[in-house]
Amino acid sequence: MESETDRDEQFTRYLLGDLPEEECARLEELYFDDDEAFESLLAARDELADLHARGELKGRRRERFEEHFLSTGPRRQRAREAKELVEFSTKAAAAEGENLAAGTRAAGSPWWASLPAALGRRSPALRYALAALLLCAALGGAWLLFKRGGDARPERAGGTPPATPDAVARRPADEETRPRPDGGQDEGAADAPAPPSASPTPGHTRAPETASNRRATPTSSSAPPTAGVASILLSPVLTRGGAGPSNTLLLRPETTTARLRLSFKGGGDYRRYVAVLRTIEGEQVWRGAATAAGAAGPGKTAVADIPARVFRKQDHTATLYGVTAAGETQEVGEYFFRVSRDQNQ
Amino acid sequence: MESSLARKSDWELTAPAFERLLGLLDADRERAGEKYELARRRLLAFFEARGSESPADHADETINRAARKIAEGERVEDINKYLYGVARLLLLELGRAREKLPLPLDSVAPPGAPAAGEREEEERERAESERRFECFEDCLGKLAPDSRDFILSYYKEEKGEKIRGRKRQAGDLGVSLNALRLRASRIRSALERCMGECAGGGAAEK
């Protein structure tokens, strides 16, 4: 009798197109007949797409996923939705955290301080309307009471800032753009794929996040060395979770070329190098030569100049291959990075 | 395009034929409806796994063909096995039709392709993403609170490999990793169906 683990493994191979026809038919008969087996198939499919979305699918599994699974439109759509689910869950969880924090901060505060949390599960439109009403009342009240010009927002007027919906909505953006002493950003903000700019309060319905409000200044590694060229130094990473602010390539309107400097350990005797750029869904968007440059510490660096216009998505992987004298191609390193477009410069 | 490759039956599903099909699924009308939904989901999963570009069309075509045969007097012992048999025949037809087509062109855009309307496209995508996120939040709100917390914890991104986080989550809940995975998949199915209704539907029907 087949164990649960064996069956799950078979379903994974089935989804990756790695099974002979007879075995496919056997599994299909099984999941058409048995509800639990069908649930296992769906769970295996979700997990594959989820692991790929996180960059945690490795080796042959990843190859098969990209060659086979991503070869049809509906399955590519599934992969996109898996990535979206991770992003949305991260965003929503971050917003929940904000709610919780607001609740904690508001202990002993007036009743309205807990409104963001109370509104958290209403529809965005209702939340927006209620919060806008509250904001108007707060601003109007402040104006009538103090009759002061300039910035009438209560939390900017000094003293203890009350946790109004407006304050809660604005907080994440303020925190994200707060620079660190080293010129980078808070790790917490950089860790999420879509930083927690969407708060549970009216923030959801405000203008979409832009590159400029998300990241006020380029990180040191993506500062353009020459006009029209944006450069970034990447180290091989294995998971998306390893992508921090220094893995963000900032493309300005005037950027025409993205220069990827791919560091790798020396050792292989390669005659030339080839870089392949893919979206996180695995679609190849560019392929071209990479030039080995001077040594960077104990390792080496290969440089690939890529037209900026090929970056149509936010998350990408680059794979560096070395070509031996015999013409054999070997993978040298894989790199994950994020592209941010600054359109307001 | 692919759906037109297979010979689509010109027969239309009639109410009596559909009723007979439902009757084979379960004597109770309500349970039959649930089993029908499940059977359709199986067909969707089957056609998606087998590389169909239109799983929903092919699932519906399978159901139509089966209903027609049943209406014409075909004796069916096990309706799920029967549906699978019809689906396999349709798949063979699709495969034969596909073989006659020329190979598709390489889908990779040439590096020098112009980036016309790139900004507008990005803006549109961003607005669409905002809208889908609102749907996601609404759909999350419709889940039971424990399911909602569970799914956020299961799918949110965190430092380190997710598998470690899930082992921890399974330990906290006192269930196996597999049970955790199945629970996530069930809630995710419900969430995706809700998202489909709210946002006009992704292709990934379940």
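By convention in this document, chain letters (A, B, ...) are assigned in the order of the sequence lines, proteins followed by strands, and residues within each chain are numbered from 1.
The NZ atom of A:K91 sits 13.5 Å away from atom CG of B:L152, with the distance rounded to the nearest 0.5 Å. Here the CD-OH distance, from A:E84 to B:Y155, works out to 13.0 Å after rounding to the nearest 0.5 Å. Distance CD/A:E87 to CZ/B:R132: 11.5 Å, rounded to 0.5 Å. With rounding to the nearest 0.5 angstrom, the CG atom of B:N178 is 4.5 Å from the CG atom of A:D8. Separation of atoms OG (B:S185) and CG (A:L42) is listed at 5.0 Å; rounding is to 0.5 Å. Taken from CD in A:E47 to CZ in B:R166, the straight-line distance is 6.5 Å, to the nearest 0.5 Å.
Only the side chain of B:R88 comes within less than 4.5 Å of a heavy atom in chain A; its backbone stays farther off. For A:A79, no part lies under 4.5 angstrom from a heavy atom of chain B. Heavy atoms of B:S153 lying under 4.5 Å from chain A are absent altogether. Residue contact with chain A, scored on non-hydrogen atoms closer than 4.5 Å, involves the backbone and the side chain of B:L43 alike. Contact annotation for B:R186: only side-chain heavy atoms (C-beta onward) come within less than 4.5 Å of a heavy atom of chain A.
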Which donor-acceptor pairs under 3.5 Å do the side chains of residues 73-81 of chain B make with protein atoms, sequence neighbours left out?
| residue | atom | partner | partner atom | Å |
| --- | --- | --- | --- | --- |
| B:D78 | OD1 | B:N80 | N | 3.0 |
| B:D78 | OD1 | B:K81 | N | 3.2 |

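What you find for B:L182 and A:A43 is that their closest heavy atoms are CD2-CB, 3.9 Å.
When A:Y14, A:F69, A:F88 are compared by the number of non-hydrogen pairs under 4.5 Å with chain B, A:F88 comes out ahead. The choice from A:D50, A:D33, A:L15 that makes the most heavy-atom pairs within less than 4.5 Å of chain B is A:D50.
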Run the numbers on B:R181 and A:D46 for salt bridge (Lys or Arg N to Asp or Glu O under 4.0 Å), then give the verdict. CA-CA 9 Å; B:R181 215 166 61 128; A:D46 288 345; over 6 Å; no

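There is a side-chain donor-acceptor pair under 3.5 Å between A:E28 and B:Y84.
Contact check on B:E48 versus A:R75 returns no salt bridge, with no Lys/Arg side-chain nitrogen under 4.0 Å from an Asp/Glu carboxylate oxygen.
Ring-plane geometry between A:F32 and B:F46 is classed as perpendicular, the angle between the planes exceeding 60 degrees on a 0 to 90 degree scale with a lower cut at 30.
Put simply, the side chain of A:T90 gets close to the backbone of B:E157: a donor and an acceptor are under 3.5 Å apart.
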